[in-house]
Protein chains: 2
Amino acid sequence: MKNNSYKLTGQRIAVLEVLAENSGEHLNADVILQIVLSKGHRIGMATVYRTLTLLKRLKFITIIYLNDGCIRYKLSDPNSKYEHYYLICECCGNVLDIEGDLLDSLEKQLFLKNRFRVSNHRVKHFGICEKCMDEQY
Amino acid sequence: MKNNSYKLTGQRIAVLEVLAENSGEHLNADVILQIVLSKGHRIGMATVYRTLTLLKRLKFITIIYLNDGCIRYKLSDPNSKYEHYYLICECCGNVLDIEGDLLDSLEKQLFLKNRFRVSNHRVKHFGICEKCMDEQY
DNA sequence: CTTAGTGCAAAACATTTGCAAACCA
DNA sequence: TGGTTTGCAAATGTTTTGCACTAAG
């Protein structure tokens, strides 16, 4: 798992465990810190951030930006083609992941209309623009 | 324009002017401050933020989250149904607004495939979830 | 006049960094 | 043992707030 020259420390295990035990949640760094501390482990906020950065680089976790003032993290789901589709409740802030097989266009519409009242959505496409493509090649 | 009991101050005019003169850009608060100052106006950062908050509330401007460490703002385009679709270049950070009439499904595909190499996208649907709907009514 | 609006400085907040101490391999 | 990793505290960078002063209507 971490044979890539990274050391398997107690703190890294603890952070991964918290993410695994809350795989349905979208935790932020402070919540992760509090849970690890509540389990009796010794850890600091800097280590939490450094561990999350490492796990992100290794693609173990996915970052979720809800633009609510903090960055959120969850375990990556390698089986999902739709990691970046979310339903975000403007009332309670809860975040629902959409299942991939619900997203075939019609089913997606039905799911959205029946179980979640969409009032706004944002689509962001990340990639390389024409100008940068010209400059690179 | 601001007959809603809001006062038309020099600072508010200046911020609006900067946004209008850079309508193709997605400016952050610091850039707006610097431009207003460079024009010889007297203004502080707090006023910039307070003005942007007000303009947002009045729907004069739209907020853009690029998750690059700051919040960006631009003049709202009331004619566009697609205010929340963006092409974000991962190389230069440039943000392109997609024209509404390019977004009919097939044209959208063609545009994306020919002028922008998409490597990642995020879709966020904001609304009210089932649980909150049950609690409200 | 009167009160909303402003500038400044300080506070708030999430995140990052420097460095000596601790620890995994 | 040696180079990573850690905790702490301080630094960072953006955004917000308190308060006395200013200015729009």
Side-chain angles (χ1 to χ4, degrees), chain A residues 1-19 25-58 60-74 93 95, chain B residues 1-19 25-58 60-74 93 95:
Chain A
M1 195 168 181
K2 297 209 178 186
N3 311 339
N4 322 345
S5 83
Y6 295 112
K7 294 187 176 175
L8 195 56
T9 66
Q11 289 85 344
R12 286 175 179 175
I13 293 170
V15 169
L16 258 177
E17 274 180 4
V18 168
L19 288 165
E25 303 289 316
H26 306 78
L27 309 175
N28 63 24
D30 190 57
V31 169
I32 294 169
L33 174 76
Q34 297 310 325
I35 296 177
V36 173
L37 286 177
S38 75
K39 291 178 160 194
H41 294 104
R42 178 171 154 75
I43 195 172
M45 183 57 98
T47 300
V48 172
Y49 277 109
R50 282 186 285 230
T51 302
L52 290 170
T53 301
L54 175 64
L55 293 174
K56 171 69 180 5
R57 184 148 29 90
L58 298 175
F60 279 92
I61 63 174
T62 301
I63 291 183
I64 300 155
Y65 295 106
L66 300 185
N67 304 316
D68 63 345
C70 61
I71 303 173
R72 289 164 186 282
Y73 308 84
K74 68 165 193 177
V95 183
Chain B
M1 197 168 182
K2 297 207 177 181
N3 310 340
N4 324 342
S5 84
Y6 295 113
K7 294 186 179 175
L8 194 57
T9 66
Q11 288 85 345
R12 288 175 178 175
I13 293 171
V15 169
L16 258 176
E17 273 179 5
V18 168
L19 289 165
E25 304 289 316
H26 307 77
L27 309 175
N28 63 23
D30 189 56
V31 168
I32 294 169
L33 174 76
Q34 297 310 325
I35 296 177
V36 173
L37 287 177
S38 74
K39 291 177 160 195
H41 294 105
R42 176 172 157 76
I43 195 172
M45 183 58 98
T47 299
V48 172
Y49 277 108
R50 284 186 284 228
T51 301
L52 290 169
T53 302
L54 174 65
L55 293 174
K56 171 69 178 12
R57 184 148 29 90
L58 297 177
F60 279 94
I61 62 174
T62 301
I63 291 184
I64 300 155
Y65 295 106
L66 299 184
N67 303 315
D68 64 344
C70 61
I71 304 173
R72 290 163 186 282
Y73 309 84
K74 69 164 191 174
V95 183

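Below, chains carry the letters A, B, ... as their sequence lines are ordered, and counting in each starts from 1.
Distances from the side chain of A/Lys7 to the nucleotides C/dA4, C/dA25, C/dT6 place C/dA25 closest. Among the nucleotides C/dG7, D/dG7, C/dA14, the one closest to the side chain of B/Ile43 is C/dG7. Closest to the side chain of B/Arg12, from the set D/dG25, D/dG7, C/dG5, is C/dG5. Distances from the side chain of A/Ala46 to the nucleotides C/dG7, C/dT17, C/dA4 place C/dT17 closest.
A sub-4.0 Å separation between OP1 or OP2 of C/dC23 and a side-chain N or O of A/Gln11 is absent. For B/Arg42 and C/dG7, the shortest distance from a side-chain N or O to OP1 or OP2 is not below 4.0 Å. Considering only side-chain N and O atoms, A/Arg72 lies nowhere under 4.0 angstrom from the phosphate OP1 or OP2 of C/dT15. For D/dC8, neither phosphate oxygen OP1 nor OP2 lies less than 4.0 angstrom from any side-chain nitrogen or oxygen of A/Arg50. Dashed line: the shortest gap from a side-chain N or O of B/Ser5 to OP1 or OP2 of C/dA4 is not under 4.0 Å.
Minimum heavy-atom separation, B/Lys39 to B/Glu17: NZ-OE1, 4.1 Å. Taking every heavy atom of both residues into account, A/Tyr73 and A/Ala29 meet most closely at CE1-N, 4.1 Å.
B/Val36 has its side chain out of reach of B/Val48: every pair of non-hydrogen atoms, C-beta onward, lies at least 4.5 Å apart.
Across the protein-nucleic acid pair, A/Leu33 atom CG and D/dG7 atom P stand 9 Å apart, rounded to whole Å. As rounded to whole Å, 16 Å separates atom C1' of C/dA9 from atom OH of B/Tyr49. Remark: P of D/dT5 and NE2 of A/His41 are 18 Å apart, rounded to the nearest angstrom. Rounded to whole Å, the distance from OH on A/Tyr6 to P on D/dT5 is 8 Å. Taking atom CE on A/Met45 and atom P on C/dA14, their separation rounds to 8 Å, with Å as the unit. One atom, CG of B/Asn28, and another, P of D/dT16, lie 13 Å apart when rounded to the nearest Å. Taking atom CZ of A/Arg57 as the reference point, atom C1' of D/dT5 lies 13 Å away to the nearest angstrom. Note: CG (A/Asn67) to P (D/dT14) measures 16 Å, nearest angstrom.
The only member of A/Leu37, A/Ile43, A/Thr51, A/Leu19 that meets side-chain contact (heavy atoms from CB on, under 4.5 Å) when paired with A/Ile32 is A/Leu19.
Here A/Gly69 lies in heavy-atom contact (under 4.0 Å) with sugar-phosphate atoms only.
Not one N or O on the side chain of A/Arg72 forms a donor-acceptor pair closer than 3.5 Å with the backbone of A/Ile64.
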